[in-house]
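We use all heavy atoms of the structure for the numbers below, so side chains are in, but hydrogens, waters and symmetry mates are not. Starting from 1, each residue takes its place in the sequence as its number.
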Amino acid sequence: MSNIKNEALLKYGIPSLAIITIVMQLFFVHTKNLNKWKGGGYGMYSEIHYYYNQIYIPGISVDSLVKNDADMKATLGYLMLMPNEDSLKKAAELVLQTTEKDSIHIQIWKPTVDSKNGVYSRALIDEIYLKNSDL
């Protein structure tokens with residue numbers, strides 16, 4: 001009896017678990033803007049690595065923000081990794097508190113390559129406008 005259970009687990013259980021993991025990864029990639037490189041790496045070579053995503057804040061140097069602030073570096077690094085609405089809003093709130101400005105506009109851009117024409121460009125992933133009065 002035990003041998004039949006082990007055989008069924010190996011034959012159906014493990015492959016089913018792998019399929020569920022893949023489906024969950026693809027679901028989060030398409031609904032929560034999860035990076036394809038994370039969570040199992042399915043599709044990890046289908047796009048340029050998230051390290052090359054760019055955060056643009058008009059009038060502020062992102063390099064100067066992260067230079068001496070570990071919390072800012074971690075928050076903006078997470079925004080590059082997971083460019084979704086939640087991480088974008090958290091980054092905008094932190095930048096507003098740190099810079100003491102009355103409003104902020106943050107954009108995150110992803111590099112794209114058109115292999116047929118050999119053209120390298122950027123695509124806007126997401127952006128947020130946030131006022132101090134919204135906090």
Checklist entry - How far apart are the C-alpha atoms of Leu79 and Thr75, what are their side-chain angles, what is the distance that settles it, and do they pass the side chain to side chain contact (heavy atoms under 4.5 Å, CB included) test? => result CA-CA 6 Å; Leu79 175 60; Thr75 303; 5.9 Å; no
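- Interatomic distance, Lys131 NZ to Asp102 CG, rounded to the nearest 0.5 Å: 9.0 Å.
- Trp109 and Ile57 fall into different hydrophobic clusters, defined by Ile, Leu, Val, Met, Phe, Trp and Tyr side-chain heavy atoms under 4.5 Å apart, directly or through other members.
- Remark: Glu93 CD to Leu88 CG distance equals 10.5 Å, nearest 0.5 Å.
- Side chains of Asn132 and Lys101 form no contact here, defined as non-hydrogen atoms less than 4.5 Å apart.
- The list of ring-ring contact (aromatic ring centres under 6.0 Å, His included) pairs with a residue in residues 54-94, not counting sequence neighbours, is empty.
- With Asn53 contributing its side chain and Met80 its backbone, the two residues share a donor-acceptor pair below 3.5 Å.
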Review item, side-chain donor-acceptor pairs of residues 61-70, under 3.5 Å, at least two apart:
unit_1, atom_1, unit_2, atom_2, d
Ser61, OG, Asp63, N, 3.4
Ser61, OG, Ser64, N, 3.3
Ser64, OG, Ser61, O, 2.7
Asp69, OD1, Asp71, N, 3.2
Asp69, OD1, Met72, N, 3.4

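- The heavy-atom pair separating Ile125 from Lys110 by the smallest distance is CD1-CB, 3.3 Å.
- What you find for Leu76 and Ile55 is that their closest heavy atoms are O-CD1, 3.4 Å.
- Among residues two or more places apart in sequence or in another chain, the side-chain hydrogen bond (donor to acceptor under 3.5 Å, both in side chains) test is passed with Ser87 by Asn84.
- In this structure, Ile128 and Ala92 approach most closely via the heavy-atom pair CG2-CB, 3.9 Å.
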Next on the checklist: Test side chain to side chain contact (heavy atoms under 4.5 Å, CB included) on Thr112 and Arg122; report intermediate values, then the result.
Outcome noted: CA-CA 5 Å; Thr112 59; Arg122 299 182 315 157; 6.0 Å; no
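- Under the 4.5 Å side-chain heavy-atom criterion for ILVMFWY residues, a single connected hydrophobic cluster contains both Tyr52 and Val113.
- Within the structure, ring-ring contact (aromatic ring centres under 6.0 Å, His included) pairs that include any residue of residues 110-133 comprise His105-Tyr129 (at least two apart or interchain).
- In terms of the side-chain hydrogen bond (donor to acceptor under 3.5 Å, both in side chains) criterion, Thr99 has no residue partners (sequence neighbours excluded).
- Scored by the side-chain hydrogen bond (donor to acceptor under 3.5 Å, both in side chains) test, Asp114 finds Asn117 as partners (sequence neighbours excluded).
- Within the 4.5 Å cutoff, side-chain heavy atoms of Ile104 are placed close to those of Ile60.
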Next on the checklist: Walk me through whether Ile106 and Val95 qualify under side chain to side chain contact (heavy atoms under 4.5 Å, CB included).
Outcome noted: CA-CA 9 Å; Ile106 298 179; Val95 170; 4.2 Å; yes
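- Nearest heavy atom pair, residue Leu130 against residue Lys89, reads CD2-O, 4.5 Å.
- Heavy atoms of other residues, nucleotides or ligands lying less than 6.0 angstrom from CD of Glu85 number 12 at most.
- Note: Gln25 CD to Ile22 CD1 = 9.5 Å, rounded to the nearest 0.5 Å.
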